[in-house]
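One structure is given here, and the rest of the page talks about it.
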Amino acid sequence: MLLPATFYQHQDVVHIARALLGKVLVTQVDGLVTEAIIVETEAYRGADDRACHAYLRKRTARTETMFLPGGHAYVYLCYGIHHLFNVVTHVENEPDAVLIRAVQPKSGIETMLIRRKMSQLTVKLTQGPGCVSQAMGINKSLNASSLLGQDCIWIEDRGPVLETFSINTTTRVGVGYAGADAWLPWRFYVAGNPWVSAYPK
DNA sequence: ATAATGATTCGCT
DNA sequence: GCGAATCATTATG
């Protein structure tokens with residue numbers, strides 16, 4: 001089942017970050033389909049979170065995407081190298097987003113290996129937000145595109161694809177600049193899943 | 001117009 | 001564990 005607009009718009013971004021674990025991210029880029037199970041996320045809230053690009057609802061050319069209604073893709077370039085994929089949540093003009101930090105490959109693995117220039121399947125294929133985007137063909141051309149149309153990128157609920165799992169909660173990675181907000185417990189991951197990135201577990 | 005800085009990854013020690 | 005790579009974005013003059 002395609003996740004509907006209500007999923008993205010009618011819940012708090014922290015709740016959505018948890019709820020996205022176990023959902024299936026699908027991309028169709030250059031005619032190639034890849035699917036992967038979301039196993040690690042982080043929440044970013046524009047209203048009051050210093051770590052969020054749109055802290056205090058600050059509008060810039062880059063953050064404009066986060067002000068779209070929930071159910072859009074926010075893709076930006078980090079460190080001049082990596083494209084990071086986020087899910088925009090909340091209603092229009094409330095700039096919240098969930099960063100997808102790691103996924104478990106499900107189909108289209110050959111395509112992912114080629115994009116990552118890897119010959120063997122290891123957890124490094126999709127472990128970390130830059131790797132997820134590279135493997136699934138996500139780049140800035142997908143910024144601001146809708147997740148509701150099953151066009152190039154979308155997210156589905158396929159039921160218990162991971163069977164039962166528990167969720168671990170920790171602080172977010174790489175947000176030391178955010179002062180006290182760096183300590184918010186807004187990073188979520190599937191406990192024991194090997195595809196989760198290796199930072200503070 | 002210029003300068004500083006990352007929501008990271010990879011390779012080397 | 002450490003540091004380089006690399007550039008769009010942002011703030012400032």
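What you see is a predicted model; the values in this text were computed from it and never measured.
- The distance between atom OH of A:Y55 and atom P of B:dG6, rounded to the nearest whole Å, is 16 Å.
- A salt bridge links A:D12 with A:R45: the distance from a Lys NZ or Arg NE/NH1/NH2 to an Asp or Glu carboxylate oxygen falls below 4.0 Å.
- No cation-pi contact links A:R101 to A:Y189, judged by a cut-off of 6.0 Å to the six-membered ring centre and 45° from its axis.
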Short heteroatom pairs, N/O only, protein and nucleotides 11-13 of chain C, under 3.5 Å:
from   : atom 1 : to    : atom 2 : distance (Å)
C:dA11 : OP1    : A:K58 : NZ     : 3.4

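- One finds no side-chain N or O of A:H53 lying less than 4.0 angstrom from the OP1 or OP2 phosphate oxygen of C:dT9.
- For the 3.5 Å distance criterion, the side chains of A:N93 and A:R59 qualify, holding a donor opposite an acceptor.
- Atom NZ in A:K140 sits about 13 Å away from atom P in C:dC7, given to the nearest Å.
- Residues A:I16 and A:V91 are members of separate hydrophobic clusters, defined by side-chain heavy-atom contacts under 4.5 angstrom among Ile, Leu, Val, Met, Phe, Trp and Tyr.
- Applying the ring-ring contact (aromatic ring centres under 6.0 Å, His included) test to A:F7 and every residue at least two apart in sequence or in another chain returns nothing.
- Clustering of Ile, Leu, Val, Met, Phe, Trp and Tyr side chains at separations under 4.5 Å places A:L99 together with A:Y44, A:M66, A:Y74, A:Y76, A:L84, A:V88, A:V175, A:Y177.
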Nucleic acid footprint by protein, nucleotides 8-13 of chain B - heavy-atom cut-off 4.0 Å, B for base, S for sugar-phosphate alone: BBS---

Dot-bracket summary - DNA chain C, pairs being Watson-Crick or G-U whose distances fall under 3.5 Å, with | when paired to another strand: |||||.||||||.

Could you give the side-chain donor-acceptor pairs of residues 23-31 of chain A under 3.5 Å, partners two or more places apart or in another chain?
from  : atom 1 : to     : atom 2 : distance (Å)
A:K23 : NZ     : A:A19  : O      : 2.9
A:T27 : OG1    : A:T34  : OG1    : 2.6
A:T27 : OG1    : A:M136 : O      : 2.9
A:Q28 : NE2    : A:D151 : O      : 3.3

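- Whole-Å rounding puts the A:L77 CG to C:dT6 C1' distance at 9 Å.
- Atom NE2 in A:H83 sits about 14 Å away from atom C1' in C:dT9, given to the nearest Å.
- Counted by atom type alone, A:R115 and A:Q134 present zero donor-acceptor pairs between their side chains at under 3.5 Å.
- In this structure, the side chain of A:Q127 engages the main chain of A:P194 through a donor-acceptor pair within 3.5 Å.
- For A:T89 and A:Q11, the side-chain atoms include no donor-acceptor pair closer than 3.5 Å.
- Both thresholds, 5.5 Å between centres and 30° between ring planes, are met by A:Y44 relative to the base of B:dA7, so the two rings are stacked.
- A salt bridge does not link A:R57 with A:D96: every distance from a Lys NZ or Arg NE/NH1/NH2 to an Asp or Glu carboxylate oxygen is 4.0 Å or more.
- Within the structure, a side-chain polar atom (N or O) of A:R62 is placed less than 4.0 Å from OP1 or OP2 of C:dT10.
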